[in-house]
Amino acid sequence: MIVWLNGTHGAGKTTASALVQQAIPGSRVLDAEKVGETLMDITPSLPWTGNFQVWPPWRSLVVETARHVLDYAGGTLVMPMTVLVEEYWREISGGLAGHGIPVRHFVLHADQDTLRRRIMEDTELGPSEFRLQYLEPYAEAASGWLHEAAEVVDTTHLTPAQTAARIAAAVTG
């Protein structure tokens, strides 16, 4: 099984993923961003589009990487990754379904003010214009397909531990 943690920057995906992994026996964290980073390391580089998710190889490699890891190690993969384009989510989730891999899709949500504050006060990454630019696309996706395609966990007033506990309980429940 895959527990996919979606949502924009500042929602708490990375922090929650480590805590969810600790709460679900036999689980591992697979950050799909690392697949994108690998593609970005190709030289000469692939044609830059501003976001590696636009590259079709990223989406198919995320599916294949998850499939191979599950085939090899079993258990559950906790995957923190923002996917705001419905077509990309359908491609990834459909690819996983085609391999018989069940996906629990969670969106970690917080209001725009909370997200902005978390990004600006982030002590690990620091303030980030890059991360802020995804707030509006997230709001658009959340008001449409995204919240319909996932289980929404509002993290606005939750600690990371509370967020992870809700997700783990929903998965293992």
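Residue numbers run from 1 in the order of the sequence given.
By the side-chain contact (heavy atoms from CB on, under 4.5 Å) test, Leu135 is found to be paired with Thr8, Gln112, Leu115, Arg116, Ile119, Leu132, residues two or more places apart in sequence or in another chain being considered. Residues that satisfy the salt bridge (charged side-chain N to carboxylate O under 4.0 Å, His left out) test with Asp41, not counting sequence neighbours, are absent from this structure. Not counting sequence neighbours, Arg117 has no partner by the side-chain hydrogen bond (donor to acceptor under 3.5 Å, both in side chains) test.
Applying the 4.5 Å side-chain rule to ILVMFWY residues, one finds Met1, Val3, Leu5, Ile24, Val29, Val78, Phe106, Leu108, Val153, Leu158, Ile167, Val171 in the same cluster as Val20.
Side-chain contact between Met79 and Val62: present, with at least one pair of heavy atoms (C-beta onward) separated by less than 4.5 Å. Side-chain contact between Pro57 and Leu39: present, with at least one pair of heavy atoms (C-beta onward) separated by less than 4.5 Å.
For the pair Ala164 and Leu19, the tightest heavy-atom approach, listed with the atom from each and the gap, is CB-CB, 3.4 Å. Taking all atoms of both residues into account, the shortest heavy-atom contact from Ile2 to Ala66 is CD1-CB, 3.8 Å. Heavy-atom minimum distance, Arg90 versus Ala149: NH2-CB, 4.1 Å.
Residue pairs satisfying the side-chain hydrogen bond (donor to acceptor under 3.5 Å, both in side chains) criterion with at least one member in residues 163-173, sequence neighbours excluded, are absent. Note on residues 25-52: pairs passing ring pair (Phe, Tyr, Trp, His ring centres under 6.0 Å), not counting sequence neighbours, are Trp48-Trp55, Phe52-Trp58. Residue pairs satisfying the side-chain hydrogen bond (donor to acceptor under 3.5 Å, both in side chains) criterion with at least one member in residues 12-34, sequence neighbours excluded, are listed as follows: Lys13-Thr82. Among residue pairs with one or both ends in residues 134-160, those qualifying as side-chain hydrogen bond (donor to acceptor under 3.5 Å, both in side chains) are Asn51-Tyr134, Arg104-Glu151, His109-Tyr138, Arg118-Thr155, Tyr138-His147, Asp154-Thr156, Thr159-Gln162; sequence neighbours excluded.
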List, one per line, each side-chain donor-acceptor pair under 3.5 Å for residues 91-103, sequence neighbours excluded.
from	atom 1	to	atom 2	distance (Å)
Glu91	OE1	Arg59	NE	2.7
Glu91	OE1	Arg59	NH2	3.4
Ser93	OG	Trp89	O	2.8
His99	NE2	Glu64	OE2	3.0

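Met40 and Leu30 fall within a single hydrophobic cluster, where Ile, Leu, Val, Met, Phe, Trp and Tyr side chains are chained together by heavy-atom contacts under 4.5 Å. Follow the hydrophobic side-chain contacts under 4.5 Å out from Val35 and you never reach Tyr72; the two are in separate clusters.
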Verdict with reasoning, Val54 to Tyr88, per side-chain contact (heavy atoms from CB on, under 4.5 Å): CA-CA 8 Å; Val54 174; Tyr88 301 167; 3.6 Å; yes

Test side-chain contact (heavy atoms from CB on, under 4.5 Å) applied to Asp122 and Arg131, step by step: CA-CA 11 Å; Asp122 189 319; Arg131 295 170 75 205; 3.0 Å; yes

